[in-house]
Amino acid sequence: MKGIKDYKGLLGEPKIYINVYSEKRLDKEFLESLRKEVIWRYNLDLDLSDFYRMARKDELLKPIVTKFCGLRPMHAGSLYEYLIIAIVLQNATVKRSVYMMQTLFERYGTLLEFAGQKLYCFWEPKVLAQASEQKLRDLKMGYRAKSLIKVSQSFVEEKNYLTKNSRSCKFCKIDFDEISLRKKSQKEQESFLLSLYGIGSASVGYIMFDVFHQWDFLKYISPWEQKIYSKIFFNRSPNKPVSMKKMLKYFEKWGKWRNLAVHYVWENIWWQRRNKNVPWLEKLIRL
DNA sequence: CGGCAGGTGCGGA
DNA sequence: TCCGCACCTGCC
């Protein structure tokens, strides 16, 4: 794996072994594609040495990258799954988002059980593509009902594009549309996402980073994040937040790593919150 | 009770 | 390109 030479002495040579269980025999080709998919989604191949070289010269970042050496962002799910999560996060408190996600799983997902653990699996896009808007409203999705359906529909149609080369596995959902999107330019990815109904600048920001691994993509900051950023990057009161424009300008100093840098600082704050009470932060979180 | 928060679509400047 | 409003629900 790349990227470990920089801190080999410290961390050794990390290795990850994965056991895959299946009801039917899985061929070599599938296992290899799964291996590659895990490496991508968990960013195991991400070479952080250039980022750390830069961060070590930065007063704010230096202690954080030292503490979190090797930390990398990851999203285990697919693009479609993230889109659903993004819609459920819009205009809602954490509690309400959790309620909506749980309700969707119970109504449209599949309950799986393995080794005594029960977990819900996502539905296929076509399931929600055919769902009734009224039903989703009855399940308290609010006006998100329309977005959930329309996003799902566009994925069903996207699938039709790639008839021949697309393979899908019953047991593991690997979306091959997503794989071709990964190779597209940042601009193309952005415009594709924005073309989806119910997906705007905030959701695009999260997806460009978490799903497409664009570490420099940072062009929108939501109001609640803006308040927290004002405090941690500028030591300004969350009541009088620094303007988004100024913030984005400030983050440019971290160049192609700017969003990753912001995430490291962000992660650090939440880590602190686990260990001690951070009163100003508590007020800004809508649980 | 009424007002407010929050991300997006949409229509209009 | 930017602004202001509507949308749905739950919380204060």
Side-chain angles (χ1 to χ4, degrees), chain A residues 75 77 79-108 125 128-129 131-155 157-158 181 186-212 214 217-232 236-249 251-252 259 262-263 266 269-270 273 278-287:
Chain A
H75 169 64
L79 169 61
Y80 173 73
E81 291 164 1
Y82 203 114
L83 286 163
I84 298 300
I85 294 165
I87 291 167
V88 151
L89 286 173
Q90 293 164 11
N91 269 347
T93 56
V94 174
K95 188 182 167 197
R96 182 147 140 74
S97 296
V98 169
Y99 166 84
M100 287 191 275
M101 206 59 237
Q102 185 64 27
T103 304
L104 288 172
F105 275 136
E106 285 169 13
R107 182 67 177 71
Y108 301 99
L128 270 194
S132 95
E133 186 179 333
Q134 192 50 53
K135 177 72 199 170
L136 287 168
R137 282 175 178 271
D138 294 345
L139 296 172
K140 295 189 187 294
M141 299 300 132
Y143 56 82
R144 296 163 202 81
K146 203 172 162 189
S147 307
L148 291 168
I149 292 169
K150 293 195 96 172
V151 160
S152 300
Q153 283 172 344
S154 54
F155 269 72
E157 282 153 26
E158 271 280 308
L181 276 165
Q186 193 176 88
K187 265 260 150 291
E188 285 173 298
Q189 293 171 344
E190 183 189 11
S191 67
F192 164 74
L193 293 172
L194 282 172
S195 74
L196 299 170
Y197 186 92
I199 298 301
S201 49
S203 303
V204 167
Y206 299 138
I207 293 171
M208 288 299 274
F209 184 85
D210 287 324
V211 178
F212 292 135
Q214 301 284 0
F217 190 93
L218 190 54
K219 36 167 79 178
Y220 176 81
I221 297 163
S222 65
W224 71 281
E225 288 169 323
Q226 187 187 7
K227 288 176 197 153
I228 296 174
Y229 286 5
S230 286
K231 177 72 183 165
I232 62 182
R236 287 260 289 273
S237 159
N239 305 324
K240 287 193 179 221
V242 176
S243 78
M244 179 169 78
K245 227 178 164 173
K246 264 191 181 163
M247 282 189 181
L248 295 177
K249 193 80 198 153
F251 294 143
E252 278 176 19
N259 205 355
V262 169
H263 266 73
W266 182 254
I269 284 295
W270 298 104
R273 183 176 175 262
V278 187
W280 66 267
L281 186 58
E282 295 306 315
K283 285 181 214 132
L284 299 174
I285 311 168
R286 302 181 64 211
L287 298 172

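Everything numeric in this text was worked out from a predicted model, so none of it was measured. By convention in this document, chain letters (A, B, ...) are assigned in the order of the sequence lines, proteins followed by strands, and residues within each chain are numbered from 1.
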Using a cut-off of less than 4.0 Å, is there contact between a side-chain N or O of R137(A) and OP1 or OP2 of dC8(C)? yes
Which atom pairs, donor and acceptor, lie under 3.5 Å between side-chain atoms of residues 198-211 of chain A and protein residues at least two apart or in another chain?
| from | atom 1 | to | atom 2 | distance (Å) |
| --- | --- | --- | --- | --- |
| S203(A) | OG | Q90(A) | NE2 | 3.1 |
| Y206(A) | OH | E225(A) | OE1 | 3.4 |
| Y206(A) | OH | E225(A) | OE2 | 3.1 |
| D210(A) | OD2 | Y82(A) | OH | 2.6 |

Write down the distance between CZ (R144(A)) and C1' (dG6(B)), rounded to a whole number of angstrom. 9 Å
T103(A): which residues meet the side chain to side chain contact (heavy atoms under 4.5 Å, CB included) condition with it, sequence neighbours left out? Y99(A), L139(A), M141(A)
So, is Q90(A) close to the dT8(B) phosphate, meaning a side-chain N or O under 4.0 Å from OP1 or OP2? yes
Residues in residues 193-203 of chain A with a heavy atom under 4.0 Å of DNA chain B, by number, are L196(A), Y197(A), G198(A), I199(A), G200(A), S201(A), A202(A), S203(A)
List the residues meeting salt bridge (charged side-chain N to carboxylate O under 4.0 Å, His left out) with K245(A), not counting sequence neighbours, and say none if there are none. none
In whole angstroms, how far is the C1' atom of dC8(C) from the CG atom of L136(A)? 13 Å
Taken in chain and number order and not counting sequence neighbours, the residues that satisfy side chain to side chain contact (heavy atoms under 4.5 Å, CB included) with K219(A) are K187(A), E190(A), F217(A)
Counting just side-chain N and O atoms, does T93(A) come under 4.0 Å of either OP1 or OP2 of dG10(C)? no
Can you tell me how far P of dG7(B) sits from CG of L89(A), to the nearest Å? 10 Å
Ignoring hydrogens and angles, answer whether the base of dG7(B) and the side-chain atoms of Y143(A) contain a donor-acceptor pair closer than 3.5 Å. yes
Is any side-chain N or O of K95(A) closer than 4.0 Å to OP1 or OP2 of dC11(C)? yes
Separation of atom NZ in K150(A) from atom C1' in dG7(B), rounded to whole Å: 17 Å
From L89(A) atom CG to R144(A) atom CZ, the distance as rounded to the nearest 0.5 Å: 9.5 Å
Using whole Å, report how far CD1 of I85(A) lies from C1' of dG7(B). 17 Å
Sequence neighbours left out, what passes salt bridge (charged side-chain N to carboxylate O under 4.0 Å, His left out) with R137(A)? Give chain and number order. E133(A)
